[in-house]
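Report on the structure given below.
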Amino acid sequence: MQIRRGFGLCFLALALAAGCGSKADEKLEFGAVSNERDLVEIGEKIFFGKGQCALCHTLGGEGRGKCPDLEGAGERLTREFIYETLTEPDKYIRLDFDPAEPKKYPARMPAVDQPPIGLTEPELLTVIAFVQSRGGKITVSPVELKR
């Protein structure tokens, strides 16, 4: 029985991974972005897809919780800080990320602009817009994606 259950779980994990891959490969149309809503929608797709952010981060306490909850991060963090934590995650170690007692998180944040994730500059900007939309003011402009 143990072997069958293990095989079933392994098969389920492979099936889920295959489904996730198709979403990660989804073609995103940055040229069609014309407003903040478009920025946030693409950023959300990347956050939950190619960027793999939701594997560790939660939004409002929902999810795995290995790393800081990003609900309200848009009002707490500057655009520059968000960008740096995405591209140079070891530059800052913020144990006071949450207003509660500081705690250490077991996962290490990868530099998402490098392999294996490899987000492009437009993808990074849309993720920043998505994070900013969680309680803050969006400072990314659709024009920045077309540079």
Side-chain angles (χ1 to χ4, degrees), residues 6-98 100 102-147:
F7 179 75
L9 290 174
C10 184
F11 180 76
L12 178 62
L14 288 172
L16 289 172
C20 289
S22 63
K23 286 185 180 183
D25 296 337
E26 180 181 341
K27 181 74 174 148
L28 301 172
E29 296 296 329
F30 293 104
V33 173
S34 62
N35 56 49
E36 285 183 358
R37 194 180 98 231
D38 294 342
L39 283 168
V40 171
E41 285 178 6
I42 289 178
E44 182 176 19
K45 286 179 184 178
I46 295 169
F47 184 93
F48 288 102
K50 179 182 178 183
Q52 302 179 26
C53 311
L55 290 177
C56 298
H57 290 282
T58 56
L59 294 169
E62 304 230 357
R64 293 186 178 173
K66 294 179 190 174
C67 298
D69 185 344
L70 296 179
E71 189 64 37
E75 66 184 337
R76 293 191 311 266
L77 307 173
T78 66
R79 173 183 171 158
E80 293 76 18
F81 182 83
I82 297 169
Y83 185 88
E84 284 184 341
T85 58
L86 291 171
T87 59
E88 300 177 68
D90 290 333
K91 189 171 184 174
Y92 297 101
I93 298 174
R94 295 212 38 194
L95 296 179
D96 63 340
F97 189 94
D98 294 314
K103 69 179 190 179
K104 294 182 181 180
Y105 294 97
R108 289 187 61 100
M109 171 85 178
V112 297
D113 62 332
Q114 299 170 18
I117 298 172
L119 295 185
T120 64
E121 189 70 15
E123 290 170 331
L124 286 169
L125 292 173
T126 60
V127 170
I128 291 170
F130 173 65
V131 171
Q132 288 179 327
S133 76
R134 308 299 290 191
K137 180 180 182 327
I138 298 170
T139 62
V140 178
S141 166
V143 175
E144 293 179 75
L145 302 182
K146 296 168 177 128
R147 292 185 191 161

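Both backbone and side-chain heavy atoms feed into the values below; hydrogens, waters and symmetry mates do not.
- When every heavy atom of A73 is checked against every heavy atom of V131, the shortest pair comes out as CB-CG1, 3.9 Å.
- Salt-bridge annotation for R37 and E41: present, with a side-chain N of the basic residue lying under 4.0 Å from a carboxylate O of the acidic one.
- The ring-ring contact (aromatic ring centres under 6.0 Å, His included) check on F47 picks up F130, with sequence neighbours excluded.
- Scored by the salt bridge (charged side-chain N to carboxylate O under 4.0 Å, His left out) test, E44 finds no partners at all (sequence neighbours excluded).
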Kindly indicate, with the supporting measurements, whether the criterion side chain to side chain contact (heavy atoms under 4.5 Å, CB included) is fulfilled by I42 and D38.
CA-CA 6 Å; I42 289 178; D38 294 342; 5.5 Å; no
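- For E121, there are no salt bridge (charged side-chain N to carboxylate O under 4.0 Å, His left out) partners two or more places apart in sequence or in a different chain.
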Test log, rule side chain to side chain contact (heavy atoms under 4.5 Å, CB included), inputs L124 and V112:
CA-CA 8 Å; L124 286 169; V112 297; 3.7 Å; yes
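- Interatomic distance, CD of E88 versus CE of M109, reported as 11.5 Å (0.5 Å rounding).
- Taking the side chain as every heavy atom from C-beta outward, V127 and I82 never approach each other to under 4.5 Å.
- Remark: E29 engages K27, A32 in a side-chain contact (heavy atoms from CB on, under 4.5 Å) (not counting sequence neighbours).
- In this structure, the side-chain contact (heavy atoms from CB on, under 4.5 Å) partners of E71, at least two apart in sequence or on a different chain, are L59, D69, R134.
- A distance of 6.5 Å separates OG1 of T120 from CD1 of I46, quoted to the nearest 0.5 Å.
- Sorted by first and then second residue, the salt bridge (charged side-chain N to carboxylate O under 4.0 Å, His left out) pairs with a member in residues 136-146 read R79-E144; sequence neighbours excluded.
- Considering every non-hydrogen atom in both F81 and T78, the closest pair reads N-OG1, 3.0 Å.
- When all heavy atoms of P89 and A111 are compared, the pair lying nearest together is CG-N, 3.7 Å.
- With values rounded to the nearest 0.5 angstrom, S133 atom OG is found 12.5 Å from I128 atom CD1.
- Remark: E36 engages I138 in a side-chain contact (heavy atoms from CB on, under 4.5 Å) (not counting sequence neighbours).
- T87 pairs by the side-chain hydrogen bond (donor to acceptor under 3.5 Å, both in side chains) definition with nothing, not counting sequence neighbours.
- Every residue two or more places apart in sequence or in another chain that forms a side-chain hydrogen bond (donor to acceptor under 3.5 Å, both in side chains) with Q132 is listed here: T139.
- Counting all heavy atoms, side chain and backbone alike, L39 lies closest to A129 at CB-CB, 3.9 Å.
- Of all the heavy atoms in L145 and P122, the pair that sits closest is CD2-O, 3.5 Å.
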